[in-house]
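Below is one structure, written out as structure tokens, with a few remarks after it.
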Amino acid sequence: CGLLAAGCGVFPEAPAQDDRQSDGDHSDHDAAHSGSVPQRYDVEVLETRPHDPDAFTQGFEIAGDILYEGTGLVGRSSLRATDPVTGEVLDQVDLPSPLFGEGITVVDDRVWQLTWQNNVALLRDRDTLAELDRFEYPGEGWGICHDGTRLVMSDGTDQLQFRDPESFALLGSVRVRQEGEPRHQLNELECVDGQVWSNVWFSDDILRIDPDSGEVTGVVDATGLLPPEQRPGADVLNGIAAIPDTDEFLLTGKHWPSTFRVRFVPSE
Ligand code: DDQ
Ligand code: CA
């Protein structure tokens, strides 16, 4: 069984009991959880496409004909406009040191780009990628997506924050629970049809989260997506981009040489 697959026992990141109890909606007897067992999915690979292995992928999103990608690491962070099919970098702006780029999301003619521990979000022009403004926030920045109304942001904890897409003001937050247990280290995000998909750092799980309740309603097991011959030099899975008007996604990872066009298929 996979590390976090159903029936495999305790989650490695499971917190202390009192953390659970502070979330009053979830009692700790099994009956209360039985109605909220997430649907399990496997990954069906439809196509393998090139990806720049130098990219420490932190944000990944398709808007129009462009696959926008944010990269991290100090001195190597960027925002790129790429061709979603060939992976070719069509345009790129670099972040000045010491900024460490994180998630990105497109809102109309702008692009939001988070930073990891620099406490600043960059607002950019979508066409030129040029920086327009900066907004400060507390804590870390990990993933971000736009649900059509709000920004949804992860910060490495078990929470998702909701922010105003114009002012970046904090509107609220929700704690993410899988059968009553917190899921921490939520990373790259993708907003699709009112649901939020999230990578989990150092895990091959991709979660589908109901942003209203914080409930994990689906778990994709992406174990083995990157073939063994491509693993040397590659870091973790990170990068979910929904392909508009399909049920397909592009998935990649940090320093992965490939992007995979995939579909999530229920496993039972
Ligand atoms: N995060 O993307 C999961 C939020 C953080 C990734 C941090 C990776 C640190 C790498 C540091 C390398 C220094 C040479
Ligand atoms: Ca994404």
Side-chain angles (χ1 to χ4, degrees), residues 13 51 54-64 66-82 84 95 97-107 111-121 126 137-148 150-161 163 165 183-209 211 220 222 225 233-244 246-256 259-262 264:
E13 73 273 36
H51 178 249
D54 289 333
F56 191 83
T57 306
Q58 299 283 52
F60 210 51
E61 186 176 292
I62 295 174
I66 300 294
L67 172 60
Y68 294 89
E69 178 166 359
T71 70
L73 300 173
V74 175
R76 295 179 52 199
S77 292
S78 67
L79 177 65
R80 297 140 174 235
T82 74
L95 278 69
S97 179
L99 297 185
F100 188 123
E102 285 283 343
I104 61 113
T105 193
V106 176
V107 180
V111 184
W112 283 101
Q113 183 168 33
L114 300 178
T115 58
W116 181 26
Q117 296 175 318
N118 308 107
N119 308 109
V120 66
R126 178 174 164 182
Y137 58 87
E140 299 193 357
W142 287 43
I144 192 167
C145 62
H146 181 238
D147 71 1
R150 309 167 297 183
L151 299 171
V152 182
M153 173 175 161
S154 62
D155 63 2
T157 71
D158 61 337
Q159 303 204 22
L160 293 176
Q161 301 174 12
R163 290 182 176 272
R183 292 299 311 252
H184 299 273
Q185 312 208 83
L186 305 170
N187 204 0
E188 215 275 330
L189 302 179
E190 189 73 6
C191 292
V192 185
D193 295 335
Q195 301 300 301
V196 178
W197 296 86
S198 175
N199 285 154
V200 179
W201 196 33
F202 275 110
S203 155
D204 289 318
D205 283 356
I206 299 170
L207 309 181
R208 185 184 60 212
I209 301 160
V220 181
L225 176 60
D235 201 295
V236 294
L237 171 76
N238 200 40
I240 315 167
I243 303 178
T246 72
D247 60 353
E248 299 169 4
F249 294 83
L250 296 181
L251 299 181
T252 195
K254 305 180 186 191
H255 296 316
W256 283 24
T259 292
F260 300 93
R261 182 167 65 88
V262 306
F264 301 147

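For ligands, and for the atoms within them, numbers begin at 1 and follow the listed sequence.
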Quiz prompt | Worked check of side chain to side chain donor-acceptor pair (under 3.5 Å) between Thr252 and Thr57 | solution = CA-CA 8 Å; Thr252 195; Thr57 306; 5.0 Å; no
Quiz item: Taking the side chain from Glu190 and the backbone from Ala242, do they hold a donor-acceptor pair closer than 3.5 Å?
Solution: yes
Quiz item: Between the main-chain N or O of Pro98 and the side-chain N or O of Asn118, is there a donor-acceptor pair closer than 3.5 Å?
Solution: yes
Can you pull out the closest protein heavy atom to [atom]? Residue, atom name and distance to 0.1 Å, please.
atom: atom 8 (C) of ligand 1; result: Phe56 CZ, 3.9 Å
atom: atom 4 (C) of ligand 1; result: Glu102 OE2, 3.1 Å
atom: atom 12 (C) of ligand 1; result: Leu73 CD2, 4.0 Å

Please determine if the Ca ion (ligand 2) has an N/O/S atom from [X] lying under 3.0 Å away.
X: Glu188; answer: yes
X: Gly143; answer: no
X: Trp197; answer: no
X: Gly59; answer: no

For ligand 1, which atoms have a heavy atom of [X] less than 4.0 angstrom away?
X: Lys254; answer: 1 (N), 2 (O), 3 (C), 6 (C)
X: Gln58; answer: 2 (O)
X: Trp201; answer: 3 (C), 6 (C)

Self-check item: Reported CD-to-CG distance for the pair Gln185 and Asp158, which is rounded to 0.5 angstrom
Solution: 10.5 Å
Quiz item: Do you know which two heavy atoms are closest between Leu160 and Ser154, and how far apart they sit?
Solution: CD2-CB, 4.1 Å
Self-check item: Minimum heavy-atom distance between Gly101 and Leu95, given as atom pair plus value
Solution: CA-CD2, 4.0 Å
Self-check item: Any N or O of Asn187 closer than 3.5 Å to N or O of ligand 1
Solution: no
Quiz item: Counting only heavy atoms, which portion of Gln185 has something under 4.0 Å from ligand 1: side chain, backbone, both, or neither?
Solution: neither
Exercise. Taking the Ca ion (ligand 2) as the vertex, measure the angle between atom O in Ile240 and atom O in Leu189; round to 10°.
Key: 110°
Exercise. Could you please spell out the steps behind the side chain to side chain donor-acceptor pair (under 3.5 Å) verdict for Glu140 and Trp116?
Key: CA-CA 5 Å; Glu140 299 193 357; Trp116 181 26; 2.8 Å; yes
Quiz item: Quick one: which of Phe202, Trp142, Trp116 has a heavy atom closest to atom 7 (C) of ligand 1?
Solution: Trp116
Compute whether any side-chain donor of one residue and acceptor of the other, for [X] and [Y], lie under 3.5 angstrom apart.
X: Thr115; Y: Glu102; value: no
X: His51; Y: Thr82; value: no
X: Tyr137; Y: Arg163; value: no

Quiz item: Of all N/O/S atoms in Glu190, which lies nearest to the Ca ion (ligand 2)?
Solution: OE1
